[in-house]
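The structure appears right after this line, and notes come after that.
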Amino acid sequence: MVSVHSAVSVITAKRDGGELSDEQIDWVVDAFTRGEVADEQMSALAMAILLRGMSRREIARWTRAMIESGRRMDFTDLPRPTVDKHSTGGVGDKITLPLAPLVAACGAAVPQLSGRGLGHTGGTLDKLESIPGWRADVPVAQMRRMLADPAIGAVVCAAGADLAPADKRLYALRDVTGTVESIPLIASSIMSKKIAEGTAALVLDVKVGAGAFMKTAESARELATAMVELGTDAGVRTVALLTAMHTPLGRTAGNALEVAESVEVLAGGGPADIVELTVALAREMLAQAGIPDVDPAAALADGRAMDHWRAMIRAQGGDPNAALPVATHTEVVTAEESGILTRLDAMGVGLAAWRLGAGRARQGEPIQFGAGVEMHAKPGDTVTAGQPLLTLHTDTPEAFPVALETLRDAYAIGPAPTSAAPLVLGRIAAA
Ligand code: URA
C-alpha cells in the first residue's frame, strides 16, 4: 500500500523550509527502519534537515520516533538511582573509565552504553577492549545484576542492535553524506540512545574547540541546550557542562595508553585535568541522582573508586591485573628549542594517534591497542631543547613519517607563558 506520506513529499516539505508534522516524522522514521524508505531518500532528507534545521517540537518527535524504532530499557526497579554521562567526544577523553566506577562507589548506578571510535576521537569500548579478557557485550540480565551489586554498581558495554536501530542506520548514512554536522540530527541521535538506555538522570559533557565536533562556544551551547531540552521533555533529569577541547585531555591518546592513565587516576594520581574533570562530572551526576552530599574527590583518593573499577572489569571477563598491550615500535619527538610549550592541538594529536593505528577509518576495521601518542609536556610547561615532547607508539613503523608530519604544526614553543584556559567553560540546565 502506498502511504499518504510518500518519502518524496516529506523530503520536499523540509527542502522548502516547512515544519514536518508529527505524523510525517513518525511515518518516515518507521518506514526507514522497515526498509520502505530507501537510503538515498533518507540521505536527501538528512541533507534538507541539515540545511533547513528543525523546531524544538520536530526534534523531540524525531527523537521519540527513533527511540520507538527499538527497545527502551527500564531500570526503575533498581535499589539505587541511575545516572549516566555522555561526552560528545574528544582527544584523550578517557573520563568514563575512572568516572563510572567513581560514581558507583558514591552510591549511584551507572548504566553506560558506549560506542567504538571513528576517525580522530577514540571510543570507550576500544579502550576497555585493550584489557585482556574484557568483553563489551553484556546481556541485559547481567547488566541489571552488575548495577544492583553494591560492590560494582556500574556497567560500560555495547548497545544492543535493538536500541534505537533507526539511529544506527541513519548515522551510517550521515557519515558518508556530509550530514553529521547538523545540530538537530546530532542531538536526536545522542539523546535517542541515552533515553532508550533507561537512565533516570544524565550529565552531558559537550566538548568545545578545535579537537571537537563543536568548534565554537555558540554551537556547543546550541547543541547542549537542544539535548538538555530533549532529556528534560522525556523525563530524564539532564544537565550539560561545556568543556574545553583545544588540547588533548591528560597525557595519552590511544587505547591501552589511556587505560593505564585512568588506572593512575583511580590510584589517586594521574594528570590534574583528568582528575578535575572526573570530579566535576561526578559531582553533577551525584546531584542529578539525588545524592549531592557524597564527596567524589574522597572516594577517588581513598581507593573506593578503584575497588569498583576492579570489580566492574572482572564482571565483564577482564583481568584488572593483566599487563596491557604495548606497541612494538616507538619514536620520540624532542623539543627543538627551550621555552614554554604554548600550544598542543587536540586535532593534530588525535589524527597522529589514528594514523599510528589507534583508530579506524571505516566501521569494523581492526585497531592496534598499544598504538597512540604519549605527551611528556602540556601547554604552559617549560621545556628544554632536546627533551622528549611526545612518544609515538605503533606496531606498524611505516606509519611514523605520516604521523610525524601530522604533528609538525600541532605544537609551538614560545618565550612567554599563555594564560591557562579553564577546563569547564559553562553549564546548561533545564530552563
Ligand atoms: N554521536 C552520536 O551518537 N551521534 C551523532 O550524531 C554524533 C555523535
Side-chain angles (χ1 to χ4, degrees), residues 29 32-33 39 42-43 45-51 53-54 58-60 62-67 69-70 73 84-91 93 95-96 111-127 136 156-197 199 202-209 211-215 219-220 222-231 234 236 238 240 242-243 245 346-347 350 354 359-363:
V29 173
F32 172 61
T33 309
D39 284 357
M42 199 53 157
S43 302
L45 180 56
M47 184 59 83
I49 292 170
L50 179 135
L51 296 172
M54 271 182 160
E58 285 177 295
I59 302 175
W62 187 272
T63 306
R64 195 179 109 165
M66 294 220 289
I67 295 167
S69 70
M73 298 167 90
D84 190 11
K85 183 253 348 181
H86 178 84
S87 158
T88 56
V91 177
D93 185 358
I95 299 291
T96 289
Q112 174 149 135
L113 300 179
S114 291
R116 291 191 167 74
L118 197 61
H120 76 284
T121 62
T124 298
L125 300 183
D126 296 323
K127 300 179 212 273
V156 181
C157 62
D162 54 357
L163 192 104
D167 175 66
K168 277 197 188 68
R169 288 195 56 202
L170 178 55
Y171 192 80
L173 290 184
R174 289 167 56 211
D175 198 32
V176 293
T177 56
T179 51
V180 169
E181 296 88 351
S182 150
I183 286 181
L185 292 178
I186 296 174
S188 56
S189 167
I190 292 172
M191 293 305 291
S192 62
K193 288 173 287 202
K194 288 289 150 185
I195 296 167
E197 170 194 276
T199 187
L202 179 64
V203 175
L204 299 160
D205 179 3
V206 179
K207 301 285 183 204
V208 188
F213 254 130
M214 297 294 132
K215 309 289 181 208
S219 60
E222 194 186 330
L223 175 63
T225 304
M227 292 196 291
V228 168
E229 285 173 355
L230 281 174
V236 177
T238 308
L242 305 186
T243 71
M245 185 35 69
M347 185 60 100
W354 172 46
R360 51 177 76 78
R362 298 244 131 247
Q363 272 169 16

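Note that these values count all heavy atoms, side chains included, but never hydrogens, waters or copies made by symmetry. Start at 1 and go down the list; that is how both ligands and their atoms are numbered.
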Asp84 and Lys194, any side-chain heavy atoms less than 4.5 Å apart: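 SC-SC contact between Lys194 and Asp84 confirmed.
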Heavy-atom closest contact (Arg174 atom, Ala46 atom, distance):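 Taking Arg174 first and Ala46 second, the nearest heavy atoms are CG-CB, 4.5 Å.
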Selected option - heavy-atom contact closest to atom 2 (C) of ligand 1, from Pro184, Ser192, Ser189: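 Looking at heavy atoms only, the winner is Ser189.
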Numbered atoms and elements of ligand 1 in range of Tyr171, under 4.0 angstrom, heavy atoms: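 Once the distances to Tyr171 are compared, the set is 4 (N), 5 (C), 6 (O), 7 (C).
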Protein residue, atom and distance nearest to [atom], heavy-atom basis:
atom	value
atom 3 (O) of ligand 1	Lys193 NZ, 2.4 Å
atom 1 (N) of ligand 1	Ile190 CG1, 3.8 Å
atom 8 (C) of ligand 1	Phe213 CE1, 3.4 Å

Any N/O pair His86/ligand 1 closer than 3.5 Å: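 No, there is no polar N/O contact under 3.5 Å.
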Met227 and its side chain to side chain contact (heavy atoms under 4.5 Å, CB included) partner, picked from Thr238, Thr88, Ile183: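 Single side chain to side chain contact (heavy atoms under 4.5 Å, CB included) partner of Met227 among Thr238, Thr88, Ile183: Thr88.
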Check: Thr96/Lys85 side-chain N/O donor and acceptor closer than 3.5 Å: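 Note: Thr96 and Lys85 side chains meet the donor-acceptor criterion.
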Euclidean distance, Ile59 CD1 relative to Met54 CE, rounded to 0.5 Å: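 Rounded to the nearest 0.5 Å, the CE-CD1 separation comes to 7.0 Å.
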